[in-house]
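Just below is one structure, and these are the notes that go with it.
The shown structure was predicted, so the numbers you read here are calculated from the model rather than taken from an experiment. So you know, we letter chains A, B, ... as the sequences are listed, proteins then strands, and number each from 1.
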Amino acid sequence: MKLFSKFAKIMKINEIQDEIIEEFALFDNKNDTYNYIIELGKKLVFMPENYKIEQNLIKGCQSRVWLFPELHEDKIQFFADSDSTIVKGIISLLVRVLDQQYPADILTADLYFIDKIGLQSMLSMNRSNGLLAMIKQIKMYALAFESVQK
Amino acid sequence: MLNLSQIRNDFPILHQQIQGKPLIYFDNAATSQKPQAVIDVLNNYYQKINSNVHRGVHTLAERSTTAFEATREAVRKFVNAKTIEEIIYTKGTTEGINLVASSYGKKFLTKGDEIIISTMEHHSNIVPWQMLCEEKDLVLKVIPINDDGDLIWEEFEKLLSPKTKIVAVTHVSNALGTINPVKKITELAHQVGAVVLLDGAQASPHFEIDVQDLDCDFYVFSGHKIYAPTGIGILYGKKAILEQMPPYLGGGEMIKEVTFEKTTYNDLPFKFEAGTPNIADVVALKTAIDYIHSVGKTNIAQHEHNLLTFATDSLKTIKGLKIIGQAKNKASVISFIVDGAHHMDIGMMLDANGIAVRTGNHCTMPLMKRFGITGTARASFAMYNSIEEVEFFVKKLDEIVQQIR
Ligand SMILES: Cc1ncc(COP(=O)(O)O)c(C=O)c1O
């Protein structure tokens with residue numbers, strides 16, 4: 001039973017990724033891509049102000065990014081925010097893929113959508129490499145929750 | 001007046017599309033583009049001249065040495081130094097400052113001595129002095145600036161004392177564009193017996209430099225910001241001071257005689273040029289300087305001033321936009337922030353429209369802190385930029401800001 005649900009979850013992560021890849025296939029230039037991401041960013045769920053503290057800040061981004069996870073019924077819920085709207089949009093994509101998933105699934109997730117929609121090249125600009133730092137942080141939280149669950 | 005279409009033709013990189021839009025390159029304060037003549041000289045050097053300098057008796061060695069030393073004379077004229085011995089080749093501004101901090105600092109500074117820099121320094125003109133302070137127990141003092149981005153003169157005067165041994169300030173701020181009154185700074189620093197290093201990285205591309213008139217003891221700049229290749233820079237130092245300074249690196253070229261008991265050092269400028277130098281880029285530096293002269297520094301300064309004035313006036317029409325750095329005397333650098341639009345978003349959206357600007361802290365984190373911001377977007381102009389480009393940039397920026405908000 002447990003095994004089955006785990007498998008189902010991995011499918012789900014990939015399903016969402018495929019969905020995103022399809023959405024982004026509509027855009028053939030950076031301007032439209034960014035505009036879409038900006039719209040996503042504006043819709044990112046509000047992060048409570050008291051979560052925006054130094055401790056939740058991710059190092060290594062040109063913009064400031066806050067990330068905070070909570071465990072609900074064995075699944076992780078992410079709260080995130082940034083002072084950059086584009087970064088917010090990118091976070092909202094990560095959250096869409098990884099929110100409400102089991103820690104083990106997050107840990108093993110292969111986030112191929114990032115390459116496919118060209119996010120990597122966008123955020124490795126200016127040595128900031130914020131995207132990598134964000135993913136690393138998400139996986140660290142997943143690892144921490146998983147070891148607690150065990 | 002300069003012939004803009006002629007100049008633009010000389011820079012092949014400008015004629016390309018970025019994201020399907022014509023490239024508009026406004027990141028000149030980071031590095032400038034290279035004219036065809038400079039690119040050709042590099043090619044020609046490796047195809048016809050390449051040989052090590054100062055060492056061979058063969059024809060190629062003579063040719064490369066002649067070309068290598070011809071640049072030194074061109075640089076001497078470029079900054080109006082007295083002699084070619086005062087012109088030292090470096091990798092760039094950063095290395096020049098490190099050389100002075102290490103060599104001069106090692107020999108002449110002792111515990112309790114003071115070094116003065118300013119709030120608007122590039123990290124390159126902060127960190128080498130901090131390292132020296134740590135090593136020798138010195139005190140680093142910082143000239144504050146006002147909200148316009150000008151040095152606060154009275155505060156500078158207060159910082160000066162007989163303990164001041166080095167004053168190191170930038171001629172032009174890379175983040176604000178402020179042109180500092182460096183001649184007056186030098187005069188005052190000399191009155192207390194301090195030596196003065198001027199960071200000319202941002203001044204050298206824009207207007208005439210006259211180190212004798214400024215009377216500074218050191219002047220440093222980078223080739224890549226004056227239309228020459230990367231990896232070559234200049235340290236000007238007064239001969240009498242350079243002569244007293246110990247070498248910075250040891251090796252070939254910088255020696256006169258080596259025995260295992262004792263080595264005697266070569267004369268200036270070679271004493272500071274250990275190892276095989278960056279010959280090709282040195283040779284191309286002369287071509288870049290010749291190119292600047294062929295356009296005329298006064299013409300360049302006038303043209304860039306027009307671009308700056310036009311950009312400043314146009315940007316002010318964008319609601320919520322604030323220019324960071326409003327000094328009366330500015331070089332063609334314009335930094336700004338916009339309410340509700342992060343500078344990185346602005347930079348990325350401009351790039352999506354073919355426009356290259358710099359975003360971030362511009363290697364001036366203490367300066368950003370002074371303004372209470374994390375960074376700015378910065379447009380910086382060179383001789384090949386046009387009013388039409390500025391117009392397009394401002395129009396696009398206005399649209400982008402609406403989208404981001
Ligand atoms: C004012 C200033 N100083 C120093 C530097 C460092 O120059 P480089 O990286 O060529 O050594 C720069 C370059 O950005 C600069 O703008």
Side-chain angles (χ1 to χ4, degrees), chain A residues 24 26-44 46-47 52-54 56-67 80-93 114 117-134, chain B residues 16-24 26-27 29-31 123 174-175 320 335 337-365 368-369 372-378 392-393 395-405:
Chain A
F24 275 79
L26 294 172
F27 310 119
D28 62 356
N29 64 67
K30 262 194 183 175
N31 195 39
D32 293 347
T33 311
Y34 288 178
N35 266 323
Y36 183 60
I37 292 175
I38 283 171
E39 291 318 309
L40 294 176
K42 289 178 182 169
K43 282 187 244 158
L44 182 69
F46 170 78
M47 184 191 204
K52 287 194 198 170
I53 50 174
E54 181 73 26
N56 295 337
L57 209 54
I58 297 177
K59 301 270 173 326
C61 309
Q62 204 183 102
S63 63
R64 282 182 296 175
V65 179
W66 296 271
L67 183 75
D81 204 351
S82 171
D83 50 3
S84 147
T85 317
I86 290 183
V87 173
K88 255 162 77 169
I90 288 163
I91 297 173
S92 85
L93 289 170
I114 290 172
I117 66 172
L119 274 192
Q120 188 55 274
S121 71
M122 282 171 49
L123 276 200
S124 57
M125 284 165 71
N126 301 308
R127 293 190 205 157
S128 56
N129 230 340
L131 187 57
L132 273 184
M134 268 186 260
Chain B
Q16 64 176 308
Q17 306 255 311
I18 298 287
Q19 309 303 334
K21 319 259 163 54
L23 166 66
I24 295 183
F26 283 170
D27 195 15
T31 197
H123 296 160
N174 66 311
S335 244
I337 53 173
V338 184
D339 282 344
H342 192 275
H343 51 80
M344 194 183 81
D345 295 352
I346 290 174
M348 289 173 76
M349 287 298 284
L350 285 170
D351 171 59
N353 286 279
I355 304 166
V357 298
R358 175 85 183 265
T359 65
N361 61 49
H362 317 293
C363 297
T364 57
M365 280 160 88
M368 296 296 115
K369 199 168 165 202
I373 54 181
T374 56
T376 71
R378 179 190 71 186
F392 182 77
F393 155 69
K395 184 171 146 268
K396 272 292 155 204
L397 179 63
D398 201 7
E399 289 169 23
I400 286 166
V401 165
Q402 317 276 353
Q403 284 159 3
I404 297 174
R405 283 189 190 132

Do NZ/NE/NH1/NH2 and the carboxylate oxygens of A:Asp81 and A:Arg64 come within less than 4.0 Å?
no

Given that the side chain runs from C-beta out, which part of B:Asn353 has a heavy atom under 4.5 Å from chain A: side chain, backbone, both or neither?
side chain

Are more than 12 heavy atoms, taken from residues, nucleotides or ligands other than A:Lys42, located less than 6.0 Å from that residue's NZ atom?
yes

Which atoms of B:Gln403 are under 4.5 Å from chain A, going by heavy atoms: the side chain, the backbone, both sets, or neither?
both

Worked check of side-chain hydrogen bond (donor to acceptor under 3.5 Å, both in side chains) between B:Ser335 and B:Thr376:
CA-CA 6 Å; B:Ser335 244; B:Thr376 71; 2.8 Å; yes

So what's closer than 4.5 Å to chain B heavy atoms on A:Asn29: side chain, backbone, both or neither?
neither

Can you tell me how the ring of A:Phe24 sits relative to the ring of A:Tyr36, calling it parallel under 30°, perpendicular over 60° and tilted otherwise?
perpendicular

